[in-house]
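This report refers to the structure that appears directly beneath it.
We name chains A, B, ... by the order of the sequence lines, and we start the count at 1 in each one.
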Amino acid sequence: MTGAPPAAAPPVRYRVTARTAETADTASIVLEPVTDALPPFAPGQFAMVYAFGVGDIPLSVSGIDGHRLTHTVRAVGAVSRALHGMRPGETVGVRGPFGTAWRLPDTPGADVLVVAGGIGLAPLRPLVERTLAAHRRTGGPAVLVGARTPADLFFAADVERWRTAGARVLTTVDRPDPQWYGEVGVVTTLLDRAAVDPPRTTAYLCGPEVMIRAAARAVVHRGVAPDRIHVSLERTMHCGTGHCGHCQLGPLLLCRDGPVVTWSQAEQLLSVREL
Amino acid sequence: MTSAPAATAVIDRAGLDALIRVLAAHGRTVVGPTVRDGAIVLAELASGEELPYGWGVELEAGHYRLRPRPDGAAFAHSAGPNSWKTFLHPQRERQWSADRASDGGTAFRTDPPPTVSYAFLGVRPCDLRAIAMQDRVLTGGPHADGRYRSRRSRAFLVAVECTEPGATCFCVSMGTGPAAGPGYDLALTELVDEDGHRFLVRAGSPEGEQVLAELRLRPADPDTRDEAARVVREAADRMGRTMPPVDLRALMRDTLDAERWDDVTARCLTCGNCTMVCPTCFCTTAEDVTDLTGDHAERWRRWESCFDLEFTHLPTGPVRSSPRSRYRQWLTHKIGTWHDRFGSSGCVGCGRCIVWCPVGIDITEEAHALNQERRTVADRQEMP
Amino acid sequence: MTALLAGLAADHRDRLLALGRDVAWADGARIFEEGGPADRFWLVRSGLVALDVHVPGRGTLVVETLGEGELLGWSWLFEPYRWQLGAVARGVVDAIEFDAAAVRAAMDDEPAFGLELLRLIGAGTIGPRLHAARTRLLDLYGGGQDTAGTGPAR
C-alpha cells in the first residue's frame, strides 16, 4: 500500500462542520480537513478519531463526500461521549483510512442485500449510497434494518431517499411504542421479504456479533454463498496500524485484515468462544 | 542486511575490549550482558570489564540462579530476564503530542526520530531471530513504525553463538540456533580451552568488516575454526527442552477446545510475565495524558499483555474473560496464528517464558500435552 | 407462494389448499383474541399482521409482526387449541384461511401429510420464532452497544 500513514503518526486536524442528533445517545458529526486531508476513505473503512486529551476510538465512516467525512457515534465511553458532544467549529484529530472496505459485487446487476442491526447501519450507509449510484438501472439494494425501538432508528431522511431511488428498505424494531405501525421482530425475519435471488446475491451485514451470526446463517440457509456475504467485525483497536495486537481474532488483525471480512473467513472464528 | 562472505579472525579478551571501544568511538551506545541484581541483564556497557566473565546460569521452570564458572567464559549463559526489544521497542514511548491553541484549534507534533545508534553485543542466535521477527511485525506491514525503524536501522548487531544451552532452551526445535543465522554485523564464537580464552569472529555485513578492520586481529587458524564449529554443533544436542516434532501451527488450530487449556489455566496466574520477557511479544496499549493546564496532551504507547483482562473488549465486556482463553490466546498466537500474520512462528525457543513464569508453566510441556491430547482424541475416534 | 406451500409435496399441497379459502381484513380488524379458540389458521398473502398482548396499565403491546408468506397461528396444532396472543391487521391483509379441525383430521387421516406439514411448520415457523424471541431476550442493541461497528466503548 503506498501512501499509507506510518505507525505512530499524529492525527490530522479536521474541523466539525455539522452535527446531527440521530437518537438520544447517537449523533453524526461531519468533519472537514483544517488544512491537509487524509487519503480518500472507502465505505467500510474506519478512522481513529481523537478528542483532545481524552483519546481516540475507531469509527467507521458513515458518509463520504470528497474529503468530507461523516462519523456516527454513540456516547458510551469517555472518548465517544466527547466526540458525541462536539459542536461545529471544534477540532478533532483523525488518523486513517484503516482496514478493509466493503467489496462491491463482482458482477454488475447482482442483487445487493444489506442487513443492519442498531448502529451497524452507520458503516453500511456509504455502501448503500454507492450501490444506488452504481445500480440505477437494476432493482436497487434490499436494505433490512433492525433497531431496539422506533426512537433508535436513524438516517430517516436517507432511508426515504433510498426508497425513492429504488431501494427496498424494510425496518423492524424489538420494542415498539404505541405510535409504531411498522414491523416488530428480529431483522432476520425480514429476509424472506427482501425479494433477492440468493444465487445472484451479495450480502453485507453489520451489527452486534450475535446478530451477525444469526443473520449470516439465515442468509446462507437461503442460498447465498458464504464468500459473498461480507460482515464487519469489531474488537478493541488502539493503533489502527496492525501493531498493538488488541484487535486480533485468530489469524486476523481486524484493523488490517478487517473490519470487513467474508463470512467464509469469519464463521469458524466466531464459533470459537473467547477467541 | 545480508551476510557478506566473511573473513574469519580470532580475538582475545583484550580484542573484545577493543571492539567495545571501537563501537563506542563510532558513537554507538554499546549494550550487552552484565551482572545486575542477581541476574545477567542487558544494559549499557562502558567497557568489556562489565561483561559477565565467569558467570553462568542455572535455569529451570520458574527458576533462575547465577552460578560462578571456573572457566571465566563471558557468554556461557542463556537468555536473561530482558531482551533487545527493551531497546528497540521500548516499554514506554511518546508517539506524539497535541497543544490546544488560544483559538480553539489543535496542533499536533511528533518527536524527532530517535538518533541513538546501538551496538548490541552478545545477541544470541535465538534473539537474533527474535529481532528479525519484530522487524517483520513493526516495519513489515503497510504502516511501518518509523521510530522502531530508526533505532533498528542504526543498530549494529554482534551475535554470539550458543555453546552452553540452558535447561529451558529449545532453539533447535524452533530452528533458530545454536548457530547464528543471518542478520548480524559480526558473529562471535567463544572458546575457552587449553589454547586459551578466545573468540572466533566473522563479519556479516560491510559495516562489520569495517569494524573488524579497526581491530588487531589474527587470522583464524583451521583448528580454532573447527573447534568453534564443533562446540556449536554439539550444543545443538544439549537442548534442555524440545517442542513436539509436529506442525505446531496445525496443532494450535486443532486444539482450541482441548481440555489441556483448563489444566494449564488452573496454574496460570495471568500475570503476563511471559509476555514481558518474550523477545517477540510486541503488543502495546495507547495512553493519553494531559498536563495540568489541560492544553497540552500526549499520546504514549506502552507494552501491554494479552493476559490483561481488558486487553480486548467489546462494549458488553471483555472478550477473553476467562484465564483459559487468555493463556490460549498467547500460546496459539505465539506458535500458531503468528504464521498467518507474519509468515513464521513467533517463538524462538529462548525459554525465557519458562524461566520467568512464577508458577513454572512450560510452553514446551503444554505443547507436548496438547499434542498428546490430540493424538488420544484421534485414536479414540478411530476405534470402532 | 409461501415457503410452507412451496415445501409441501405437490399432492400434499393440493390436499391442504383444498381446505383453504381466501379472506381479507381491513386495517385494524382484529383477527383473533388472546385466549380465544384456535380453530383456524392463515397463510398471509399480503399485508402485515401484529401479534399483541394486553398488559393492564400499559395497553395492548405488539410483540411481533408477521408479513407476506408467513403462517399466522400455530396454537391450533396442539391442545388446548387456544390462542396465546391476539392478532390484528395492520393495513389491508389478504390471506388463505384454513379450518383447523379439518386440517388436523387430514393430518390424522394421512400421517405422511401430517408429518410433512408438522415438520414444515416446526422448521419454518415455530423454530425461527423461538430463536427470534430468544435473540430479543438478549436485548442486543441495548445498553453498552458499540460506537460504530469497529471498536469498543472508549
Side-chain angles (χ1 to χ4, degrees), chain A residues 46 55-60 62 71-80 83 98-99 117-120 122-124 146-149 152 170 172 174-176 178 180-186 188-190 192-193 206-211 214 218 232-237 247 254-255 258-259, chain C residues 1-4 6-7 27-28 44-53 55 58-71 85 87-91 123-125 127-154:
Chain A
F46 70 96
D56 56 7
I57 49 169
L59 289 176
S60 295
S62 64
H71 293 288
T72 302
V73 55
R74 184 165 177 187
V76 286
V79 181
S80 55
L83 294 173
F98 295 128
I119 200 158
L124 288 163
R148 191 188 198 200
T149 72
D152 293 313
L170 300 176
T172 186
D174 276 354
R175 302 178 182 192
W180 178 249
Y181 211 65
E183 309 227 16
V184 178
V186 295
T188 45
T189 58
L190 303 177
D192 285 328
R193 274 165 276 152
C206 189
E209 197 167 297
V210 176
M211 172 244 144
S232 183
L233 302 178
E234 60 174 327
R235 284 292 182 272
T236 309
M237 291 175 189
C247 65
L254 286 180
C255 75
Chain C
M1 186 154 44
T2 72
L4 181 76
D27 181 20
V44 178
R45 289 154 61 101
S46 68
L48 205 62
V49 174
L51 299 179
D52 57 17
V53 59
V55 181
R58 292 175 66 191
T60 302
L61 304 182
V62 175
V63 294
E64 188 156 34
T65 53
L66 306 179
E68 181 187 324
E70 291 196 76
L71 172 67
L85 299 164
V88 65
R90 286 270 168 101
T125 300
R129 284 187 205 162
L130 180 60
H131 177 67
R134 287 170 171 171
T135 303
R136 285 165 66 191
L137 279 177
L138 298 173
D139 195 17
L140 292 175
Y141 307 131
Q145 175 58 17
D146 150 45
T147 44
T150 51
R154 277 193 82 205

- Do I57(A) and L59(A) touch side chain to side chain, with heavy atoms closer than 4.5 Å? yes

- Which answer fits D192(A), side chain, backbone, both or neither, if we ask what part of it has an atom under 4.5 Å from a heavy atom of chain C? neither

- Item | Carboxylate-amine/guanidinium contact D27(C) R90(C), below 4.0 Å | no

- Query: Is it the side chain or the backbone of A218(A) that comes within 4.5 Å of chain C heavy atoms, both, or neither?
  - Reply: neither

- Note on the structure: Ranked by heavy-atom pairs below 4.5 Å to chain A, first place among V62(C), V63(C), T135(C), L51(C) goes to V62(C)

- Task: Please examine the side chains of L48(C) and L66(C), heavy atoms only from C-beta on, and report whether any two atoms are closer than 4.5 Å.
- Result: no

- Is F46(A) close to P58(A) at the side-chain level, that is, under 4.5 Å between some pair of heavy atoms? yes

